[in-house]
A.B. asks: 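A single structure is presented below for examination.
Being a predicted model, the structure only gives us computed values, none of them experimental. Each chain gets a letter, A, B and so on, in the order the sequences are listed, and its residues count up from 1.
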There are 2 protein chains.
Amino acid sequence: MVPVKKYREVDENLVRQKEAAFADFIQRKGLKTTRQRNTIIATFFRLRGHISVEELLNQVKQVNPRIGYATVYRTLHLLVESSLVEERRFGDGLARYEGHSDVEHHDHMICLECGEIFEFFNPRLEALQESLAEENNFQIFRHRLELYGACKDKEACNRRKARGNTAAGAE
Amino acid sequence: MVPVKKYREVDENLVRQKEAAFADFIQRKGLKTTRQRNTIIATFFRLRGHISVEELLNQVKQVNPRIGYATVYRTLHLLVESSLVEERRFGDGLARYEGHSDVEHHDHMICLECGEIFEFFNPRLEALQESLAEENNFQIFRHRLELYGACKDKEACNRRKARGNTAAGAE
DNA sequence: TGGATTACGAAAACTGTTTTCATTTTCGGC
DNA sequence: GCCGAAAATGAAAACAGTTTTCGTAATCCA
């Protein structure tokens, strides 16, 4: 009913598809293909979850240490513009980037203990929002729903916390 | 059913009550009462809506021009700590502050045209979230739901836009 | 009322992000 | 394959919002 998506293994075919889609986008816009951008998107699409700029840059630097913040930021903007990636902000002041998952839209539960971010989708929720908007003479373009709280599975949660999960920390 | 709260007139009694509550809080914490803080909270509680720091400072300066950003920020932190005020961030990078309305919790619809922020509350929505969390073995502490879109009442919307509404602008 | 404590205000520092600018790279046309 | 216009890069500076610092001033309990 409410499939919380656990991070799947990164599907190499899907990644290739996205790289191709981005190449397309670049071409359509009359922009140029560069080694740096390729490195950045290849790295990004092979990471899972909700990636901050710093996390991405760290990974990217392992491939090409000369790439800096500016290029990463610029490439992420292009990725967002191309609709291949979404920008999210949870309460910690960092922008995080999320390669589209299979579920077109989804919401988030954020554990304030271990930092894990769970994704979920529920059609009744969407429908209810629609009807509330309707009642108020309002047209929804997009929405954002975040549930902040704690995992009830304390073992798993503590394990993640110990591992030093990287995600939207306590606000 | 879904009462979108339009800004009510500021209830002077309620304001006094909040001022008293804040004084209490200050005392309990062993802090000191100062003219500047009094000015700031008196001003804040008499403003309606979702106030940014700059908006508040502008108002405050009309009473005492020597008050600066630092004191406003510090006072707002105290207000949040005292639970008399909530901090919110819509997509425009500014923190906004909201004196508790009568409705304990509520969500927001943000018009990207005119900037108006509507508040609403719906128990079915709350219940649905609870049950989703339950299903996922997750305990909600708090949540945030924002619907971004546009007013359908175009006349009112344009009027507000012309007036240069101050609110979470386009992201 | 003295004196420890807290608050103030201006300015500097900080953080995440964007822009600038001089240099390098890409790529369509020859 | 090479030219040259256009775009991209990287380092550093700029920026915006917010926080901290630091010397001075106000508060308030004994």
Side-chain angles (χ1 to χ4, degrees), chain A residues 22-41 43 50-58 60-61 63-82 85 87-97 166-169 171, chain B residues 22-43 50-58 60-61 63-82 85 87-97 166-171:
Chain A
F22 186 68
D24 250 46
F25 170 80
I26 289 296
Q27 189 133 31
R28 252 181 295 122
K29 287 213 67 174
L31 303 180
K32 292 173 178 170
T33 304
T34 70
R35 187 162 314 149
Q36 291 90 330
R37 288 217 270 245
N38 287 343
T39 301
I40 292 167
I41 67 157
T43 304
H50 303 76
I51 315 295
S52 71
V53 174
E54 199 180 358
E55 284 161 10
L56 179 55
L57 181 61
N58 286 342
V60 162
K61 273 190 181 299
V63 180
N64 179 350
R66 312 212 34 230
I67 294 179
Y69 272 105
T71 305
V72 169
Y73 272 108
R74 286 190 276 232
T75 304
L76 282 169
H77 290 332
L78 288 172
L79 281 167
V80 169
E81 198 188 333
S82 75
V85 164
E87 180 179 318
R88 307 218 174 252
R89 290 168 185 275
F90 305 106
D92 63 354
L94 297 201
R96 288 171 186 281
Y97 295 87
T166 148
E171 263 177 291
Chain B
F22 186 68
D24 250 46
F25 170 79
I26 289 296
Q27 188 134 31
R28 252 182 294 121
K29 286 211 67 173
L31 303 181
K32 291 175 179 171
T33 304
T34 70
R35 186 162 317 149
Q36 291 92 330
R37 288 216 272 244
N38 287 342
T39 301
I40 292 167
I41 68 157
T43 304
H50 302 76
I51 316 295
S52 71
V53 174
E54 200 181 357
E55 284 161 11
L56 179 54
L57 181 60
N58 286 343
V60 162
K61 272 190 182 301
V63 180
N64 178 351
R66 313 212 36 230
I67 295 180
Y69 273 104
T71 304
V72 170
Y73 273 109
R74 286 188 276 232
T75 305
L76 282 169
H77 290 331
L78 288 171
L79 282 167
V80 170
E81 199 188 330
S82 74
V85 165
E87 181 179 318
R88 308 218 174 250
R89 288 167 186 275
F90 306 106
D92 64 353
L94 298 201
R96 287 171 187 282
Y97 296 87
T166 147
E171 260 178 292

A.B. asks: For Arg28(B) and dT6(C), what is the distance between atoms CZ and P respectively, to the nearest whole Å?
C.D. replies: 17 Å
A.B. asks: In whole Å, what is the span from the CD1 atom of Ile26(A) to the P atom of dT25(C)?
C.D. replies: 19 Å
A.B. asks: Taking salt bridge (charged side-chain N to carboxylate O under 4.0 Å, His left out) as the cut-off, I'd like each qualifying pair that reaches into residues 67-82 of chain A, sequence neighbours left out, listed once.
C.D. replies: Lys29(A)-Glu81(A)
A.B. asks: Return the set of residues passing salt bridge (charged side-chain N to carboxylate O under 4.0 Å, His left out) with Glu87(B) (not counting sequence neighbours), or none when no residue passes.
C.D. replies: Arg89(B)
A.B. asks: Does the protein touch nucleotides 8-21 of chain C at the base, only the backbone, or not at all? Give it as B, S and - per nucleotide, heavy atoms under 4.0 Å.
C.D. replies: BBB-----SBBBB-
A.B. asks: Write down the distance between NZ (Lys29(A)) and C1' (dT26(C)), rounded to a whole number of angstrom.
C.D. replies: 17 Å
A.B. asks: With sequence neighbours left out, write down each residue that passes side-chain contact (heavy atoms from CB on, under 4.5 Å) with Leu76(A), or none if nothing qualifies.
C.D. replies: Phe44(A), Val53(A), Leu56(A), Val72(A), Leu79(A), Tyr97(A)
A.B. asks: Check side-chain contact (heavy atoms from CB on, under 4.5 Å) between Arg28(B) and all other residues, then give those that pass, not counting sequence neighbours.
C.D. replies: Asp24(B), Phe25(B)
A.B. asks: Nearest whole Å is fine: how far is dT6(C) P from Phe25(B) CZ?
C.D. replies: 14 Å
A.B. asks: The criterion is side-chain contact (heavy atoms from CB on, under 4.5 Å); which residues satisfy it with Ala42(B), sequence neighbours excluded?
C.D. replies: Glu19(B), Arg46(B)
A.B. asks: Measure from the side-chain N and O atoms of Arg37(A) to the backbone N and O of Lys32(A), and report whether any donor-acceptor pair falls under 3.5 Å.
C.D. replies: yes
